[in-house]
*Asks:* 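This is the structure, below, for whatever I ask next.
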Amino acid sequence: KNLNLEDDVIFTGYVPDEDLVAIYNLAEVLVYPSFYEGFGLPILEAMSCGCPVIASNTSSMPEVVGDAGILIDPYSEEDIERAILMVLEKDNLRNELKEKSLNRASYFSWENTAKEVLKCFYENL
């Protein structure tokens, strides 16, 4: 509110799980400048809806995002601003990130997780 962004940004507050898919599908971009995440489930949720992602280049987020999003320094307002403007102003980039997001999200399926866990078990027998 102090920055007078009410006309450009929707501040939702708490969002019930059942509403997340609709919001991700309507969003132009998910901006996730977290300083630390154990995994970054909101990033994966957004990507599985084809929502372009801007996320921090810290902790687990680069592994989740891969090349399907834009990684930023969460301490740099300039980095965050530059990435947001790039995604919003460049239709080709936004469309490329949507496609890459869907492909990257499919990698994180429960089936792939189970295969990786079994692989670890068999390698350590």
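In what follows, every heavy atom counts, from backbone to side chain, and hydrogens, waters and symmetry copies are set aside. We count residues from 1, following the sequence as given.
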*Asks:* To the nearest 0.5 Å, tell me how far I54 CD1 sits from I80 CD1.
*Replies:*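 Reported value, rounded in 0.5 Å steps: 9.0 Å.
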*Asks:* So with a 6.0 Å cut-off around CZ of F35, is the heavy-atom count from everything else above 12?
*Replies:*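 Count over threshold, so yes.
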*Asks:* Should we count OH of Y107 as having more than 12 external heavy atoms under 6.0 Å?
*Replies:*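 No.
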*Asks:* Report, as yes or no, whether the 6.0 Å neighbourhood of atom CZ on F121 holds more than 12 heavy atoms from other residues, nucleotides or ligands.
*Replies:*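 Counting other residues, nucleotides and ligands, CZ of F121 stays at 12 neighbours or fewer.
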*Asks:* Compare all side-chain heavy atoms of V64 with those of F39 and state whether any distance is below 4.5 angstrom.
*Replies:*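 Yes, their side chains come closer than 4.5 Å.
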*Asks:* To the nearest 0.5 Å, what is the distance between CD (E45) and CG (L20)?
*Replies:*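 With rounding to 0.5 Å, CD (E45) is 5.5 Å from CG (L20).
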*Asks:* Hey, could you give me the CG/CG distance between L88 and L93, rounded to the nearest 0.5 Å?
*Replies:*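 Taking CG in L88 and CG in L93, the distance rounds to 10.0 Å.
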*Asks:* Give the cluster check for I23 versus I43: same hydrophobic cluster or not, with ILVMFWY residues linked at side-chain heavy-atom distances below 4.5 Å.
*Replies:*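 They do share one cluster, since a chain of ILVMFWY contacts under 4.5 Å joins I23 to I43.
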*Asks:* Tell me, yes or no, whether the heavy-atom count around E63 atom CD, taken from other residues, nucleotides or ligands under 6.0 Å, exceeds 12.
*Replies:*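 Incorrect, the count does not exceed 12.
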*Asks:* So how far is it from K98 NZ to M47 CE, rounded to the nearest 0.5 Å?
*Replies:*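 The NZ atom of K98 sits 14.5 Å away from the CE atom of M47.
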*Asks:* Are any non-hydrogen side-chain atoms of S56 and L71 less than 4.5 angstrom apart?
*Replies:*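 S56 vs L71: side chains apart.
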*Asks:* Assess whether atom CD of E18 is packed by more than 12 heavy atoms of other residues, nucleotides or ligands within 6.0 Å.
*Replies:*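 Yes, the 6.0 Å shell around CD holds more than 12 heavy atoms from other groups.
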*Asks:* Under a 4.0 Å N-O cut-off, is there an ion pair linking E78 with R82?
*Replies:*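 No, E78 and R82 are not salt-bridged.
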*Asks:* Among residues at least two apart in sequence or on other chains, which ones pass side chain to side chain donor-acceptor pair (under 3.5 Å) with S34?
*Replies:*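 Side chain to side chain donor-acceptor pair (under 3.5 Å) check on S34 returns E37.
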